[in-house]
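Atoms within each ligand, like the ligands themselves, are counted from 1 in listed order. Here, residue 1 is the first one in the sequence, and each next residue gets the next number.
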Amino acid sequence: MSRRALQAGEPVLLTDRKGRRYLITLVERQEFHTHAGSVAHDALIGGSEGMRVRTTRNAELTVWRPTLHDYVLKMPRGAQVVYPKDSAAMLMLADVFPGARLLESGVGSGALSLSLLRAGAVVVGYEIREDFALRAAENVNRFLGSEAADRYQVEIRDAYQGIDAEDLDRVVLDLPEPWQVVPHAAASLRPGGILVAYTPSIVQAAQLHEACDNGQWTMASTVEVLHRHWHIKENAIRPEHRMVGHTGFVTTARRLATQ
Ligand code: SAH
């Protein structure tokens, strides 16, 4: 599948020598324009990943199928997305597996949904904003196609009001007051189920711990994920000067059985 030629309708990533990245969808007879000239999509359609092309102004571009990481950072977004370093950790901490029955709220731009669906989960999303729900569905469909879209159902509703599901394996939260969802998650998760929540502020994480401290939950834990990139060139080997200092915290807890 992935070795087949690039086709019209596919998203592709173009990279230039300076590391700039452009995400486009291939359309027959269209042109891609940058300040460094243009390229006909037809020069890419039928080609292969890793192929180099030249713009009308002789700049070199390389074409790739975007990774999920590339796609999430370049796709259209309204709400702030969960960054790949955090969604990667959330997949492992929530132990997301193929066929897992999962509730996600809010859905936002669908960045986190993309990771959950890629890992094989069956996702019901609760999102209060219809425009975001539509954009998330489009983002999922464009990158993962109809097989994943069939496992993704977004409802326009307020997660603070309750969850209409039983026997969920996982509840995944990225909304301002996740503690308001904790009682609903307790009722909807099966024993042993996992709650995972992303919060930009540690005060939100602390409030979540407090909500889980009621005998229904155990193993509450919060982590932040820091990536420090390294500059490696000949003898100059050192950490990069800059790093992303803060995105958010990831809090997990596990549902006990009701005795
Ligand atoms: N995780 C998403 C971003 C979510 S941003 C991503 O990676 O793309 C937070 C979202 O929660 C927003 O879209 C907001 O509209 C939604 N939201 C806020 N309160 C909510 C509530 N009570 N119920 C459902 N969704 C809510």
Original post:
Would a hydrophobic clustering, with Ile, Leu, Val, Met, Phe, Trp and Tyr connected at side-chain separations under 4.5 Å, put Tyr198 with Leu114?
Top reply: yes
Original post:
Out of curiosity, does Leu168 fall in the hydrophobic cluster containing Phe97 (side-chain heavy atoms, cut-off under 4.5 Å, transitive links)?
Top reply: no
Side chain or backbone, does [X] bring an N or O within less than 3.5 Å of an N or O on ligand 1?
X      : answer
Val82  : yes
Glu104 : no
Glu127 : yes
Phe132 : no
Leu112 : yes

Subject >> Student check: side-chain heavy atoms of Leu13 and Tyr71 closer than 4.5 Å >> reply: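 Side chain of Leu13 against side chain of Tyr71, heavy atoms only: no contact under 4.5 Å found.
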Original post:
Do Glu49 and Val12 have side chains that get closer than 4.5 Å, going by heavy atoms?
Top reply: no
Original post:
Quick one: do the Tyr152 and Ser113 side chains pair a donor with an acceptor below 3.5 Å?
Top reply: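 Tyr152 vs Ser113: donor-acceptor pair found between side chains.
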Can you tell which part of [X] has a heavy atom less than 4.0 Å from ligand 1: side chain, backbone, both or neither?
X      : value
Ala79  : side chain
Arg157 : backbone
Gln80  : backbone
Tyr126 : backbone

Subject >> NZ/NE/NH1/NH2 to OD/OE distance under 4.0 Å, Asp70 and Arg65 >> reply: no
Original post:
Should the pair Asp169-Arg190 be classified as a salt bridge under the 4.0 Å nitrogen-to-oxygen rule?
Top reply: yes
**OP:** Not counting sequence neighbours, list each pair that qualifies as a side chain to side chain donor-acceptor pair (under 3.5 Å) and has a residue in residues 119-129.
**Re:**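 Only Arg129-Asp131 qualify under side chain to side chain donor-acceptor pair (under 3.5 Å).
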Original post:
Would Val107 count as a contact of ligand 1 if the rule is a heavy atom under 4.0 Å away?
Top reply: yes
With heavy atoms of [X] as the reference, note each atom of ligand 1 found under 4.0 Å away.
X      : result
Ala159 : 21 (C), 22 (N), 23 (N), 24 (C)
Pro176 : 18 (C), 19 (N)
Tyr160 : 22 (N)
Ser109 : 8 (O)
Ala111 : 6 (C), 7 (O), 8 (O)
Ser105 : 23 (N), 24 (C), 25 (N)
Asp158 : 21 (C), 22 (N), 23 (N)

Who's the nearest protein heavy-atom neighbour of [atom], and how far?
atom                    : answer
atom 1 (N) of ligand 1  : Asp174 OD2, 2.8 Å
atom 19 (N) of ligand 1 : Ile128 CD1, 3.5 Å
atom 11 (O) of ligand 1 : Gly106 CA, 3.4 Å

**OP:** Check the angle between the aromatic planes of His246 and Phe249 and answer parallel, tilted or perpendicular using the 30° and 60° thresholds.
**Re:**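 It falls in the tilted class, 30° to 60°.
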With a 3.5 Å cut-off and sequence neighbours excluded, list the donor-acceptor pairs that the side chains of residues 173-180 form with protein atoms.
| unit_1 | atom_1 | unit_2 | atom_2 | d |
| --- | --- | --- | --- | --- |
| Glu177 | OE1 | Gln180 | NE2 | 2.5 |

Original post:
Closest approach of Glu31 and Ala40, non-hydrogen atoms and distance?
Top reply: CG-CA, 4.2 Å
**OP:** Run the numbers on Trp230 and Ile237 for side chain to side chain contact (heavy atoms under 4.5 Å, CB included), then give the verdict.
**Re:** CA-CA 7 Å; Trp230 282 66; Ile237 300 185; 4.3 Å; yes
